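Given the structure is predicted, the values throughout are model-derived calculations rather than measurements.
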Amino acid sequence: MATMQTGLDILRRRTIVDCDTMDEQVARDLGPFQDCTSNQAIAYGELSKPEHIGLIRNSISDANDLLPRFTGLTLEELAVEIAMVRLALKIAPHIRGHVHVQTNPYYSYSTESTIVNALRIIQLFQHLQPGFEQSRVCIKIPSTWEGMMACRALEMAGVRTLATTLFTMSQAILAAEVGCTYIAPYVNQLKVHFEPGFTDPNKLLPLCVAIQKHYKSINAKTKVLPASLTSTNEIYALAGVDHITIAPDLLKQLSQPSSAPQMESLFDSDVPPAISVAQQSFVNDESAYRIAFTRDLHGASEEKLTQAINIFCDMQDKLVQLMRSNLD
């Protein structure tokens with residue numbers, strides 16, 4: 001009798017599957033995964049678990065020792081970054097590719113602060129696990145103009161980056177121009193995960209297809225890695241995308257033995273682009289970029305980015321408070 005396949009088995013034939021979690025057990029039990037993605041909300045959810053109290057206290061102790069090396073941040077902020085790196089290092093043995101750590105969202109509109117933060121995260125990996133390959137670290141940076149200018153400088157310095165909270169073709173065009181390793185288009189705006197009952201009326205599944213087709217047409221090195229998915233149907237619709245990152249609950253659904261899903265992928269049809277592909281360069285024209293972004297969906301896309309940064313700042317605040325509550 002043939003072994004019944006899972007949705008994950010079928011998906012992996014067409015797309016590289018990543019896990020969107022900082023839970024080591026998920027990476028170990030539901031793999032193999034290529035990359036492991038995360039953000040401040042995921043980090044807060046994981047660090048709030050009682051079993052991580054020792055990791056938190058060790059991170060605070062390390063922050064005490066290392067704080068003199070790093071100017072301009074608090075003990076708690078440094079402890080948050082150390083804790084996120086520790087979680088990533090725990091997952092690294094269970095994945096094949098990159099561990100992704102997101103910069104502090106409070107730096108979203110500062111190129112300099114984002115670069116400094118990214119390089120500090122790289123240093124923390126080296127401090128906590130000497131010899132850990134820098135090439136396995138990918139820094140997630142919100143897709144503001146300033147964030148993508150930081151990505152350009154970091155990629156030139158050999159640091160891999162992912163432009164996250166991406167909602168438009170103009171952001172995608174700029175991300176490819178600055179040389180990001182990945183982009184993460186958010187299929188659903190971030191608040192779907194935080195506001196009970198809210199459903200995104202404008203899911204960006206077709207945009208993911210349009211971006212990947214555009215990237216292939218210009219031979220971009222940047223890979224499309226959709227995020228913020230809410231159902232297995234959305235995941236199946238993206239079969240054929242470069243990468244896809246999936247949260248634990250959806251991974252568990254996909255890993256159940258079942259009959260092969262009717263996988264109706266948008267990559268198998270001639271889906272019209274969600275917005276027209278502007279054959280345009282933005283990297284040397286900040287004003288043109290900002291206008292194109294502001295004008296997308298009459299400002300709705302810019303609102304989604306602002307909302308996402310707000311939510312991540314709220315989660316950063318919660319992480320800082322979690323550290324503060326564990327100070328001696």
Flag yes if more than 12 heavy atoms outside K203 fall under 6.0 Å of its NZ atom; otherwise flag no.
yes
Query raised in the report: Would the number of heavy atoms belonging to other residues, nucleotides or ligands and lying under 6.0 Å from CZ of R295 be above 12?
Result: no
- Query: Is the shortest heavy-atom distance from the side chain of Y106 to the side chain of D317 under 4.5 Å?
  - Reply: yes
Separation between NZ (K140) and NE2 (H98), nearest 0.5 Å, reads 14.0 Å
Rounded to the nearest 0.5 Å, the OG atom of S59 sits from the CD1 atom of I82 at a distance of 6.0 Å
Between I60 and L75, the two heavy atoms sitting closest are O-CD1, 4.0 Å
Using a strict threshold of under 4.0 Å (side-chain N to carboxylate O), is an ion pair present between D35 and R96? no
Distance-only donor-acceptor check, side chains Q280 and D285, under 3.5 Å = no
- Message: Looking at S48 and Y44, would you say the former's side chain and the latter's main chain have a donor-acceptor pair under 3.5 Å?
- Response: yes
- Query: Does a donor on one side chain sit under 3.5 Å from an acceptor on the other, for E155 and T161?
  - Reply: yes
- Task: For residues I309 and T144, determine if any side-chain heavy atom of one lies less than 4.5 Å from a side-chain heavy atom of the other.
- Result: yes
Do the side chains of E146 and R290 get close enough for a salt bridge, i.e. N-O under 4.0 angstrom?
yes
When every non-hydrogen atom of A150 is compared with those of T111, the smallest separation belongs to N-CG2, 3.6 Å
Ring centroid separation H94 to F33 under 6.0 Å: no
Q. Between the side chain of T114 and the main-chain N/O of Y107, is any donor-acceptor distance below 3.5 Å?
A. yes
Rounded to the nearest 0.5 angstrom, the CG-CG distance for L47 and N326 is 10.0 Å
Contacts of D9 meeting salt bridge (Lys or Arg N to Asp or Glu O under 4.0 Å) (sequence neighbours excluded), chain-then-number -> none
Residue pair L162 / L225, side-chain heavy-atom distance below 4.5 Å
yes
Is any side-chain heavy atom of D20 closer than 4.5 Å to one of L251?
no
ask   = Is L67 linked to V116 within one hydrophobic cluster, defined over Ile, Leu, Val, Met, Phe, Trp and Tyr using a side-chain heavy-atom separation of less than 4.5 Å?
value = no
field: Q321 atom CD, over 12 foreign heavy atoms within 6.0 Å
entry: yes
**OP:** Please tell me if the side chains of L238 and L229 come closer than 4.5 Å, counting only heavy atoms from C-beta onward.
**Re:** yes
Minimum side-chain heavy-atom gap Q40-M84 below 4.5 Å: yes
Flag this pair as yes if the NZ/CZ of K191 is under 6.0 angstrom from the six-membered ring centre of F198 and inside a 45 degree cone about the axis; otherwise no. yes
Residues passing the salt bridge (Lys or Arg N to Asp or Glu O under 4.0 Å) test with E302, sequence neighbours excluded, are none
NZ (K223) and OH (Y182) are apart, to the nearest 0.5 Å, by 9.0 Å
Exercise. With under 30° as parallel and over 60° as perpendicular, where do the rings of W145 and Y289 fit, or are they tilted in between?
Worked result: tilted
One should read off an interatomic distance between D23 CG and I91 CD1, to the nearest 0.5 angstrom, of 7.0 Å
Query raised in the report: Within a radius of less than 6.0 Å around CD of Q126, do more than 12 heavy atoms belonging to other residues, nucleotides or ligands occur?
Result: yes
| Taking side chain as C-beta onward, heavy atoms only, is Q171 less than 4.5 Å from F293? | yes
I'd like to check E234 versus S231 (side-chain heavy atoms, cut-off strictly below 4.5 Å). Are they in contact? yes
